[in-house]
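Down below is the structure, laid out as structure tokens.
This one's a predicted model, so the numbers in the text were calculated from it and none came from an experiment.
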Amino acid sequence: MGDPKFSRKSYDTPSHPWQGARIQAENAIVSQFGLKNKTEVWKADTMLRNFRKQSRELQARLRTGDAQAKIEADALIARCSRMGLLPPTGGDLNDILVLKSEDILSRRLQTVVFQKGLASTVKQARQIINHGHIFVSGHKVTVPGYIVLRSEESTVEYNPVSPFTDELHPMRAAADAEAAARREAREAARAEEDAAAARADAEEAGITAQDE
């Protein structure tokens, strides 16, 4: 018999356990994305840190004219694009450097299920995933932290045998109402931003309400 194999941690923990600002920021992220614990935040931070490290190293190698670095840079940009972290086209290494942990957490299956209106709350999204009610690309996925690729996002749906496929299910009604409320809130916020931008442009041009 061989020695037992143990999987290594796939994330780095904070260097200091008691940092008030960091703890508050992590608590806010855990609440926003309905995470089970801060381990999921640290996993996203580690993934983002690795992407940034690769981007910086590749930019340094590109400045020296390394042909292999161009191939690796294109592969990294393509990977981030497939994950939905960068636009389908036009992304570059600098765009990777400005990514945030929230960008990665927003690609988790739990978040996607909630944003698509398949659950009324982000915590309920985690529950129905764990209970096998969600399919991705025709297969059941029970991992809330699964990173949904851009090509898979449109395939996220209810399990065909799930009771939630019934549009009259009470949870569906609640989820639809929540989704409608979120859409209205986003539209109102967008309208307010447009109005604020218009007022700022008018003030910059020296136009006042009396002039109008």
Which residue is it: E40, Q115, K36, R126? I am looking for the one with a side-chain hydrogen bond (donor to acceptor under 3.5 Å, both in side chains) to Q110.
R126
Applying side chain to side chain contact (heavy atoms under 4.5 Å, CB included), run through I23 and K38 and close with a yes or a no.
CA-CA 9 Å; I23 291 174; K38 294 181 181 179; 3.5 Å; yes
Could you walk me through whether L76 and I96 pass the side chain to side chain contact (heavy atoms under 4.5 Å, CB included) check?
CA-CA 9 Å; L76 178 60; I96 296 177; 3.7 Å; yes
Side-chain (D95) to main-chain (D92) donor-acceptor, under 3.5 angstrom:
yes
Could you grab the distance from atom CZ of R56 to atom CG of N94, nearest 0.5 Å is fine?
12.0 Å
E157 with K116: basic N within carboxylate O range, under 4.0 Å
no
Within 6.0 angstrom of R52 CZ, more than 12 heavy atoms from elsewhere:
yes
Ionic contact status for R82 with E152, cut-off 4.0 Å
no
If Ile, Leu, Val, Met, Phe, Trp and Tyr residues are connected whenever their side-chain heavy atoms lie under 4.5 Å apart, and connections chain through other members, are F135 and V156 in the same group?
no
Verify the ring-centre separation between F164 and H133: is it less than 6.0 angstrom?
yes
Tell me whether R107 is salt-bridged to D103, with the criterion being a basic N under 4.0 Å from an acidic carboxylate O.
no
Any non-hydrogen side-chain atom of R61 less than 4.5 Å from a side-chain atom of L58?
yes
Calculate, to the nearest 0.5 Å, the distance between atoms CE and CD1 belonging to M47 and I147 respectively.
5.0 Å
I need the T142 OG1 to I134 CD1 distance, nearest 0.5 Å.
11.5 Å
Salt bridge check: are E26 and R22 linked by an N-O gap of less than 4.0 Å?
yes
Step-by-step side chain to side chain contact (heavy atoms under 4.5 Å, CB included) determination, Q59 to S55:
CA-CA 6 Å; Q59 289 191 56; S55 177; 3.4 Å; yes
Taking the side chain as C-beta and beyond, is there a heavy-atom pair between Y146 and V136 under 4.5 Å?
yes
Calculate, to the nearest 0.5 Å, the distance between atoms CG and NZ belonging to L35 and K123 respectively.
10.0 Å
CG on D74 to CG on L93, rounded to 0.5 Å:
8.5 Å
